[in-house]
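Please read these numbers as outputs of a predicted model, since none were measured by experiment.
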Amino acid sequence: MDFLLFSALFFSFPILFMFFFTLVGFLMFNSSSWMGLFILVDSNVFILLLMMMLFIYGVLIVSELDASLVFLSSLLISFCFFFFILVMCWCYMFFFELSMLPILVMIIGFGSQIEKISSSYYLLFYATFCSLPFLFVYYKSLFYLSYNYFDFFLSWEMFFLLSLSFMMKFPVYFLHLWLPKAHVEAPTTASMLLAGLLLKLGTAGFLRILGSMNFTYSNFWVFLSLSGMVLSSFSCLFQSDVKSLAAYSSIAHMSFLLLSLSLLLIGSKSSSLMMMLAHGYSSTLMFFMIGEFFHVSSSRLIYFFNSFMSSSIIFSLILFLVFLSNSSIPPSLSFLSEFIIIVSSFMFSKVFFLLVFVYFFISFFTILFMLLYVLVWEVILWILFSLKWVMLFHWF
């Protein structure tokens, strides 16, 4: 706690601020049940999410030159840190909703198009619509609601209202419209924080209330996750904006994560943690690469990617690896997590396995189409260049 308070003194110095926050994260590993009146770290899941948050912050410090965006990122990192460790329900939801403020300022203040106003309206509408039912449940519980031992009985309707605010941050498919609009209008820094960190707040909150799901039916969440996986992967096929494509692929991954959490198995909980971490790292790097491409070419259309890749082979190889790791190619961490989820879903029903297979086929086809479209001319040039040198060596 002393290091946490000491790190607040270096809020205006991002590198020192990140150093002390990293020190706090490593100290938490020694006492994963650090309890107090307001603070509870009951699982290493939240500590690993904290370390992933610091990785995203480190990438932002290296890549971002605007001091205002770095300050807003530091503010968001602080809000998310308190979200991960607080146990009081009103404090928890306070920082959960307060985390939308830096993203909203980034979109409105640093967006480059006039459509940023409509995307901000979408963001505020979904946040308000999905958070008011949670306040209703908090009122009906006579303000005794706590996340310390969250395994008491709730009716299905109450659990649905309680999890609705977290479903918006997941986001599940039918509450997802704000995410592609916010990604398209946001600067690169906001997109990295939005995909890598802000979506994990919904998963962490859903993990907190998962104890009450033992007493309710999970069929609705399983159906919602399966339909969201397939529909969002189909939506990826019709995107020409690569940022919108990455946003819909994030929605598909989060629906897959919801399926893993809804199965209520030990293996599925471990795989959901791995998928959270894998998606956080890969989506951050993916939006960083897209932002670098946009800064050079002033366009995000997939059509223009092939001309840019001809000028930088290293960039194209890194982009290739990041997109492949995002599409769960072995030996990436997301492949291992999705493999465990497939085995768990096959234990339940073969229909689950069929829908998951359709999702895999469509999502992998989307990523493969984009990568082949981007790199097809480079591959042809490399083949011709290799044939030229083979013929020369053969001649000599």
Side-chain angles (χ1 to χ4, degrees), residues 14-15 18 52-77 79-80 99-120 122-123 178-201 239-251 253 279-305 307-309 311-312 314-323 325-326 367 370 374:
I15 297 178
M18 178 186 170
M52 184 193 70
M53 176 181 73
L54 293 173
F55 166 78
I56 299 170
Y57 188 55
V59 175
L60 290 177
I61 292 173
V62 173
S63 62
E64 186 56 57
L65 300 177
D66 195 335
S68 301
L69 284 174
V70 175
F71 176 79
L72 289 170
S73 303
S74 305
L75 198 62
L76 180 60
I77 291 293
F79 292 157
C80 294
S99 62
M100 305 294 285
L101 179 62
I103 294 293
L104 195 63
V105 174
M106 288 182 189
I107 293 175
I108 296 177
F110 297 92
S112 57
Q113 296 176 349
I114 194 62
E115 286 82 3
K116 62 186 180 181
I117 307 297
S118 63
S119 65
S120 303
Y122 270 82
L123 183 60
W178 64 273
L179 185 64
K181 291 181 177 293
H183 270 304
V184 168
E185 305 304 327
T188 304
T189 300
S191 293
M192 292 164 65
L193 288 169
L194 197 58
L197 180 58
L198 211 64
L199 298 187
K200 305 305 173 294
L201 300 186
Q239 303 302 318
S240 58
D241 190 340
V242 69
K243 219 173 186 183
S244 182
L245 171 66
Y248 275 102
S249 68
S250 294
I251 296 169
H253 278 92
H279 178 263
Y281 289 117
S282 62
S283 63
T284 301
L285 294 175
M286 187 166 59
F287 279 103
F288 170 70
M289 294 290 175
I290 294 171
E292 292 299 315
F293 166 73
F294 176 70
H295 293 156
V296 173
S297 63
S298 300
S299 175
R300 291 190 302 265
L301 293 177
I302 303 176
Y303 177 77
F304 295 110
F305 256 69
S307 61
F308 179 70
M309 295 304 162
S311 61
S312 177
I314 301 298
F315 186 90
S316 61
L317 288 177
I318 295 174
L319 184 79
F320 190 79
L321 292 176
V322 168
F323 270 86
S325 66
N326 188 62
I367 298 296
M370 198 200 77
V374 167

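- Without hydrogens or angle criteria, His295 side chain to Gly291 main chain gives a donor-acceptor distance under 3.5 Å.
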Problem - Residue pair Ser249, Met286: steps toward the side chain to side chain contact (heavy atoms under 4.5 Å, CB included) verdict - result: CA-CA 11 Å; Ser249 68; Met286 187 166 59; 4.1 Å; yes

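- The distance from the OG atom of Ser99 to the CG atom of Leu104 is 11.0 Å, given to the nearest 0.5 Å.
- For the pair Leu199/Leu194, no side-chain contact is recorded, criterion being any heavy-atom separation below 4.5 Å from C-beta on.
- In this structure, the side chains of Lys200 and Met52 come closer than 4.5 Å at one or more pairs of heavy atoms.
- In this structure, Phe55 CZ and Leu60 CG are separated by 10.0 Å, a value rounded to the nearest 0.5 Å.
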Practice task
Take Ile15 and Ile61 through the side chain to side chain contact (heavy atoms under 4.5 Å, CB included) test and state the conclusion after the steps.
Solution key: CA-CA 7 Å; Ile15 297 178; Ile61 292 173; 4.1 Å; yes

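- No more than 12 heavy-atom neighbours from other residues, nucleotides or ligands sit within 6.0 angstrom of CD1 on Ile114.
- Here the closest non-hydrogen pair linking Ala190 and Ile103 is O-CD1, 4.0 Å.
- In this structure, CE in Met289 is found 10.0 Å from CE in Met192, a value given to the nearest 0.5 Å.
- By the 4.5 Å heavy-atom criterion applied to side chains, Leu198 and Leu193 are not counted as neighbours.
- Side-chain N or O atoms of Lys116 include one that pairs as donor or acceptor with a backbone N or O of Gly111 at under 3.5 Å.
- For Ser118 (side chain) and Glu115 (main-chain N/O), a donor-acceptor pair under 3.5 Å exists by modelled atom type.
- In this structure, CG in Leu69 is found 4.0 Å from CZ in Phe110, a value given to the nearest 0.5 Å.
- Taking every heavy atom of both residues into account, Ile107 and Ala182 meet most closely at CD1-CB, 3.8 Å.
- In summary, the side chains of Ser250 and His279 do present a donor paired with an acceptor at a separation below 3.5 Å, with no hydrogens or angles considered.
- The closest side-chain donor-acceptor pair between Tyr57 and Ser74 falls under 3.5 angstrom.
- Interatomic distance, Ser119 OG to Leu179 CG, rounded to the nearest 0.5 Å: 11.0 Å.
- For OH of Tyr122, the number of neighbouring non-hydrogen atoms (other residues, nucleotides, ligands) closer than 6.0 Å is 12 at most.
- Remark: the backbone N or O of Ser244 is not paired with any side-chain donor or acceptor of Arg300 at under 3.5 angstrom.
- Proximity of Pro180 to Ile251: side-chain heavy atoms (C-beta onward) are separated by under 4.5 Å at one or more points.
- Side-chain atoms of Ile56 and Ile77, non-hydrogen and from C-beta on, never get closer than 4.5 Å to each other.
- Of the inter-residue distances, the one linking Phe323 atom CZ with Leu245 atom CG reads 6.5 Å to the nearest 0.5 angstrom.
- Scanning all heavy atoms of the two residues, the minimum distance from Thr284 to Gly196 falls at OG1-CA, 3.6 Å.
- Of all non-hydrogen atoms in Val322 and Ser282, the two that sit nearest each other are CG1-O, 3.7 Å.
- Panel note: side chain Glu64, backbone Asp66; a donor-acceptor pair is recorded below 3.5 Å.
- Side-chain contact of Ser191 with Lys243: a donor-acceptor pair under 3.5 Å is present, judged by distance alone.
- A donor-acceptor distance shorter than 3.5 angstrom exists from the side chain of His253 to the backbone of Asn326, with no hydrogens or angles considered.
- A pairwise comparison of heavy atoms in Ser73 and Thr189 identifies OG-CG2, 3.4 Å as the closest pair.
- Of all non-hydrogen atoms in Gly280 and Ser283, the two that sit nearest each other are O-OG, 3.6 Å.
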